[in-house]
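Fair warning: this is a prediction, and the values are worked out from it, not measured in the lab. Reminder, nothing fancy here: chain letters follow the sequence lines and each chain counts from 1.
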Amino acid sequence: MNTPNPPDPLDNRLDELLASQPLKPSVDFTERVLAEIEKPASEKDSPDTKHPWLRLVLPIAALLTAAFVIVQLASNESANSDVPVLSTIELQEIFVLEEGLSGLVNLQDADLNNIDLLDALTFLDSDIQS
Amino acid sequence: MDSCDSETIQDIDSACLEAMTAGDHTLFPGLIERWQTQLINFFYRSTQNRTDAEDLAQETFLELYKSADRYKNKGTFKAFIFTLARRRLIDRYRKQARRPLDFFDPTDSFIQQYSEQPDALIEIEDAFQRALVTLPENQRSAILLLQQQGLSYHEIATLLNTSLSSVKTWIHRARVHLRQKLKDFV
């Protein structure tokens, strides 16, 4: 017949320590808890009751700041997106370019048939320069 | 005899909460007297500090006072009160995580608490407390609820919102860790 293993002293000590309740409550603990229960809500140590206005003011301030930033960004964006005014010289350059490009349209079908690409580009270049 | 008088303390406390829900708060001081030592020591093992332990116990009683009507007598009263207690403990950890911890020398409290005991006992208690606070919170709560507070594995699993096997694993790991830390003291 097997004899059971003797209890491990470390396990026993550990069990004692785990089960122990070394602190005795302060003598006035119950009174303190009851006093806290009796305390009116306005006296309780809570951030909400200390500064109830914080709950309203902070979100409103955040909202105003966000609105201000959005308005600033929007006005900057509209200022940057204005269409630039073209000078007379620029308008003339655009007109000349348009004329040259319209010349290309006339070349396409009749003149470029059966010509390889390099010849076509050379032809276009000389046409633009003339 | 008052309406709370019954065979077991648990029944007394359940009846007290029912009386409180009905508007009779005269029995609450008795409930505090019955549970204060257990709660304070549960918190003390996690905070290493009497003041914090008593503050947390007070907060738990306040919560219990406010939530008496939520007690449905489904589980034991002990499981209910330690569910509230653990919630307070987790809240405290969250608050501490948001601000630097106050400096605290754990040996101070042990010397005050056990000044009348032999040095060897003070040393092992000190080592035990230091080992305990290095455990993950779930392991520490599980082993304390089992061995200090006498809850069942099933109650602990419900309270910690986990499976029975997880509770057993946590408790096993906690014991291995504590044994390792205390092996030189026995």
Can you name the closest pair of heavy atoms from [X] and [Y] and give their distance?
X: B/F128; Y: A/L17; value: CE2-O, 3.6 Å
X: B/R45; Y: A/S20; value: NH2-OG, 2.7 Å
X: B/I32; Y: A/V33; value: CD1-CG1, 3.6 Å
X: B/I40; Y: A/P25; value: CD1-CB, 3.5 Å
X: A/K24; Y: B/R50; value: O-NH1, 2.8 Å

Shared ILVMFWY cluster between [X] and [Y], side chains joined below 4.5 angstrom?
X: B/L164; Y: B/I156; answer: yes
X: B/I90; Y: B/L56; answer: no
X: B/V133; Y: B/F43; answer: no

Where at least one partner belongs to residues 133-150 of chain B, residue pairs that pass salt bridge (Lys or Arg N to Asp or Glu O under 4.0 Å), sequence neighbours excluded: B/R86-B/E137
Contact leader toward chain A among B/E59, B/Q149, B/Q147, B/K183, where contacts are heavy-atom pairs under 4.5 Å: B/Q147
Most contacts with chain A, counted as non-hydrogen pairs under 4.5 angstrom, among B/N41, B/L132, B/I124, B/L146: B/N41
Value rounded to 0.5 Å, distance of CG in A/L18 from CG in B/L144: 6.5 Å
Atom pair CZ/CD of A/R32 and B/Q36 - distance to nearest 0.5 Å: 10.0 Å
Non-hydrogen side-chain atoms of A/I37 and B/F28 separated by less than 4.5 Å: yes
Side-chain heavy atoms of B/E54 within contact of A/F29, under 4.5 Å: yes
Short side-chain donor-acceptor distance under 3.5 Å, B/T37 and A/Q21: no
So which part of [X] gets closer than 4.5 Å to some heavy atom of chain A, the side chain, the backbone, both or neither?
X: B/F42; answer: neither
X: B/K66; answer: neither
X: B/Q38; answer: both

Per-residue contacts, residues 174-182 of chain B versus chain A, heavy atoms under 4.5 Å: B/R175, B/L178, B/R179, B/L182
[X] atom [atom1], over 12 foreign heavy atoms within 6.0 Å:
X: B/H25; atom1: NE2; answer: yes
X: A/D125; atom1: CG; answer: yes
X: A/I89; atom1: CD1; answer: no

Per-residue contact mode, A/D15 against chain B (heavy atom under 4.5 angstrom): both
